Structures are given as structure tokens and as C-alpha cells.
2 protein chains.
Amino acid sequence: MASAVANSEEVFTPRQQQVLTAALDLLVEQGDRLTMTSVARRASCSKETLYKWFGDRDGLLTATVQWQAAKVKAPQVDRWRLDSASLRQSIEQFARDLLGTIVGDVSVTLNRLAIGHAGAEKHGLGAIVLENGPLAIRKRLKPVLEAGREARLLRFDSSEEAYRSFFGLVVRDAQIRLLLGETFTPAEAEIARDAARATEQFLAIYAVHPAA
Amino acid sequence: MASAVANSEEVFTPRQQQVLTAALDLLVEQGDRLTMTSVARRASCSKETLYKWFGDRDGLLTATVQWQAAKVKAPQVDRWRLDSASLRQSIEQFARDLLGTIVGDVSVTLNRLAIGHAGAEKHGLGAIVLENGPLAIRKRLKPVLEAGREARLLRFDSSEEAYRSFFGLVVRDAQIRLLLGETFTPAEAEIARDAARATEQFLAIYAVHPAA
DNA sequence: GCCGAACCGTAACGTACGGTACGGTTCACG
DNA sequence: CGTGAACCGTACCGTACGTTACGGTTCGGC
């Protein structure tokens, strides 16, 4: 029986990573329609090797998603001194990271893929994406929020709830619109502006002294 | 050349609606994997009829989505007197409607389907879902927001921006988590509570006198 | 230089499913 | 009745693609 979610830290040889890169590229280019043949051709390897390494098509896709998701180890915000300004800066940085990731091609592609699989009763990919997307950011943001509360800068009952509102203020309807096929690619400046706005709104709700 | 999005008000005979109901049920049950044969069997009709009525598989899916989407004509909030309390009530009602819809089986299924199609370069379904989901609610909320601004109860530059933040505060990460396969079905009470919280937060940001 | 393991390229197999054809049945209409 | 349109059920076709099989090639170890 395969475990529901393979959380083990799979490690791939350079050659295997070339294959996964090819798969990811094809995924971004043509979505779930990529064929094993096309991956083999793009990666200049044989289908036999694909099956030997990854078991079957789903294994290849899972490996691709895991491998890519593992790369999104965004830089831990370093030591924040607990004044109002640095707290705001930390939060805004998170907002920029989150929004920038979510509007990216790779994120849209992988989320589409995982959603498609979830619709086919195969929740493995969905769990992986969930774990490495929203939940990962939440885990990293949580200590910042709680330190802010500790320092009487923020006020909330549950950091979970606070995080979810933060997520909503940052992402809004951008992700669902992109997933549904709308094509817009905000420039770096727009992302920064949106992140700043979201941060401001978040603080308006959760800061003890919003004006500070 | 078929138009990109068939916006015409397709009208279906009762028998055809039975077929569409069967298709929708199968969609909810097994996602995009439903076959023409299964639809024909469930609806007790012949495949020949399916092809005659809907052209091809995509036509059937498109008709199903259009037909279902057209049913989400949520009740227009009736005359709101422009005091702070009634404005809040109107907004909260929208929040309940929006959240209740989005966490429903049918919404999740249809969004998954449309997202899958968007990933296959077929943006028709995505456009339909977009049009009848977020955009429809936005169109209905907009006059409320602008009346609130007119009455000096709300303050914002663009109703578009205000709506998007509203959407974020209401939906947060619930939709993406559901799409990715997490299974939770909030009770009516939870939805109402979340809607109230979102409304409060929205007003904290956009109301001229948040304490009012 | 020899051996075996790993890998490449390609051909072939099996199957599921979209789409079509066709004979049989119902039913409205004259 | 008689007739024809609409529809049901089912058998059938074509194809795309996942998966397997196999002969040929590279390459590290002795």
C-alpha cells in the first residue's frame, strides 16, 4: 500500500532532474496533455527509463511536483526586531513572495495539474501543492504574527485566522482568475504595490494601533 | 468559426435538461472522467441523441456549465436604505451568498472542470465560469458599494479594487483548498459567522467611520 | 580489451473512449 | 391504419496514448 502522501525527501540524480525539468517545461507549455513520448523526446531519454525511474505517468508527475515544490524554500525572513516598522516590512515581504509566486506560470500550471487530479479522486498532488504552497507560507508567517502579538503590536485570537485573512487580502481573486485562464502578468511594480496595499489593510484590521 | 464564448441565452427542452442534470450529477460524482456512454446511460438516452443535441463532448460540457451557471441568479438585494446598518446588512448578505456558493459541491466541480479546460488551451468554460461566478457577484455588489460611497459611508478610489478585497476577505484560502481536494463542508452557521467577520473586516478598511 | 549494467531509440501491444451507423420502437398527425 | 420524425439501444470503427519489449550503444570496473 502506497502511503497517502510521500513526504520523504526524494533525492534525484542530475540526469533525473534534467528529465523533471523537461517534464515541467512541457507541463507549462501544454498542461496535462503531455505524453510520456514527448517527455522522453524532450529529455532525450527512453520511455523505458522513464518507467524504470518513476513507475508510471502519475509517478512522473508526482515527482515533478514534489521536486518543484521543494525548491520554493523562500528565504526565511531574518531576525526581525519587534518594532512596528520592521513588523510591517516582514509582512510586506511575505506578501510580495506569496503574490509573486502565485501569479507565476509554474504555480498556475502546478495548481491546475493538482486540481485536475483532485477531481479524479487522486488527492496526492493536491496534498503536495497544498503542503508546499499556502501551508508552507503560513508556517513561516506564523511566528512573525505571534511575535507581533507578543509585542502588543498585533491583536488576534488565532494566528490561523489571521493568516487566512492575510492570504485573502494578498491573493484576492487573482489566483482563481489565472487558473480559469485569464492571462495577465503583473509587473514587479504592480506586485509590490499590491503587497503594500494588502499589508496596509491587514494592519488596519489586526494592528493594535493602526495609525502607527 | 464558433464564437469564443457563446453568450446567447440557450434554451433547453425539459428532456434536454434531464440530460444536463444527469451530466452534472456524473460530473460531481466522478469529475471530468465521465464518458458519453455513462451520460447516455444515466439519462436513458442514446449517444446519437447526445451528439445530435450537443455536437460533441465539449458541447455537452459547455451546455452543462452554461445551464448551471445561468441558474445562479442570486436574488438581487432589494431596496437598501442608505444608513450604516442596512449597508452592512447588504454586504453581509452578499458575503453569505458568495461563500455559500463557493464551498458547494457544484461550484467546486464546475471550477475544476473549467480550470482543467483552461489548462488545455480551451478557455471557453473558464470564461463562462468567470463570467457567472466572481464577475456576476461583482456586478451586483458594485452599485451597493457606490451608493455607500455616495452616502459618505464608504471610502475607496475604485469599486473594482474594493470588490476584490471584499472577495479576498470572504473567500480567503477556502476555494483553493477545496479545489485541491481538501474536504470540509462548513455548516450554515460557520458560513454566516465567516460572512459576518469578513463584513466587519471590510468595513474596518473601507468604512468612513469604522466604529459606526 | 572484456563484461555487465544502465540507457537510448523505436517498434509493437492493449485498451479505453470519442464518434458513427443502423435496426427497432414510440408517437404525433393525417 | 399509414407514414415519417424523433429517439433508444447497441454494435462497431478509428485513434491516441500508456505501457512493454527488444536490439543496439555507451561506459565504468577489472
Side-chain angles (χ1 to χ4, degrees), chain A residues 2 10-65 67 109 112-114 116-117 119-122 124-125, chain B residues 2 10-65 67 109 112-114 116-117 119-122 124-125:
Chain A
E10 304 252 14
V11 61
F12 299 107
T13 70
R15 181 71 180 110
Q16 286 172 331
Q17 295 191 32
Q18 286 179 20
V19 172
L20 294 176
T21 301
L24 185 61
D25 288 350
L26 284 171
L27 231 33
V28 172
E29 286 171 27
Q30 23 182 296
D32 202 5
R33 295 171 307 174
L34 93 174
T35 66
M36 297 299 276
T37 304
S38 72
V39 174
R41 191 165 43 226
R42 177 73 67 101
S44 293
C45 75
S46 74
K47 292 213 277 181
E48 189 182 23
T49 301
L50 292 185
Y51 283 99
K52 183 174 182 178
W53 285 346
F54 305 106
D56 57 9
R57 186 173 189 276
D58 249 39
L60 172 61
L61 295 179
T62 303
T64 305
V65 171
W67 173 67
T109 297
R112 280 205 188 121
L113 184 65
H117 275 233
E121 239 85 332
K122 311 207 52 173
L125 290 186
Chain B
E10 304 251 14
V11 62
F12 299 107
T13 70
R15 180 74 180 111
Q16 285 172 332
Q17 295 190 32
Q18 286 180 20
V19 172
L20 294 177
T21 301
L24 185 60
D25 288 350
L26 284 170
L27 230 34
V28 172
E29 287 171 27
Q30 23 182 296
D32 201 6
R33 295 170 306 174
L34 94 174
T35 67
M36 297 300 275
T37 304
S38 72
V39 174
R41 192 165 41 225
R42 177 73 67 103
S44 294
C45 74
S46 74
K47 291 201 333 185
E48 190 181 25
T49 302
L50 293 184
Y51 284 100
K52 183 175 183 180
W53 285 346
F54 304 106
D56 57 9
R57 187 175 188 275
D58 249 39
L60 173 61
L61 294 179
T62 303
T64 304
V65 172
W67 173 67
T109 297
R112 281 205 187 122
L113 185 66
H117 275 234
E121 238 86 334
K122 310 207 55 175
L125 290 186

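Quantities reported herein were computed from a predicted structural model and do not represent experimental measurements. The figures that follow rest on heavy atoms only: side chains count, while hydrogens, waters and symmetry mates do not. Residue numbers begin at 1 in each chain, while the letters A, B, ... track the order of the sequences.
Remark: P of C:dT20 and NZ of B:Lys52 are 14 Å apart, rounded to the nearest angstrom. Between the CD atom of A:Gln16 and the P atom of C:dA6 there is a distance of 13 Å, rounded to whole Å. Remark: P of C:dG19 and CG of B:Leu34 are 12 Å apart, rounded to the nearest angstrom. Distance CG (B:Leu60) to P (C:dG18): 10 Å, rounded to an integer number of Å. The distance from atom CH2 of B:Trp53 to atom P of D:dA6 is 11 Å, rounded to the nearest whole Å. Residue A:Leu50 contributes atom CG, which lies 14 Å from atom C1' of C:dA6 at whole-angstrom precision. When the P atom of C:dT20 is taken as reference, atom CE of B:Met36 falls 10 Å away, rounded to whole Å. Taking atom OH of B:Tyr51 as the reference point, atom C1' of C:dC22 lies 17 Å away to the nearest angstrom.
Contact of the A:Asp58 side chain with the A:His117 side chain is registered, since non-hydrogen atoms from C-beta on lie closer than 4.5 Å. With a 4.5 Å cut-off on side-chain heavy atoms, A:Trp67 and A:Thr21 count as touching. With contacts defined as side-chain heavy-atom distances shorter than 4.5 Å, the pair B:Trp53/B:Leu20 does not qualify.
Across all strands shown, A:Arg15 has heavy atoms under 4.0 Å from sugar-phosphate atoms exclusively, and none from any base. Residue contacts shown for A:Thr37 are absent, as no nucleic acid heavy atom lies under 4.0 Å away.
Taking both residues in full, the closest heavy atoms of B:Ala120 and A:Arg33 are given as O-NH1, 3.7 Å, listed atom of the first, atom of the second, then distance. Considering all non-hydrogen atoms of both residues, B:Leu50 and B:Cys45 come closest at CD2-SG, 3.7 Å.
Put simply, the side chain of B:Glu48 and the base of D:dC7 share no donor and acceptor less than 3.5 Å apart. For D:dT19, the base has a donor-acceptor partner in the side chain of A:Lys47 [N/O atoms by modelled type, under 3.5 angstrom].
Within the 4.0 Å cut-off from OP1 or OP2 of C:dC8, at least one side-chain nitrogen or oxygen of A:Thr49 is found.
Nearer the 5' end of DNA chain D, as judged by each residue's closest nucleotide, is the contact made by B:Ala43, out of B:Ala43 and A:Asp56.
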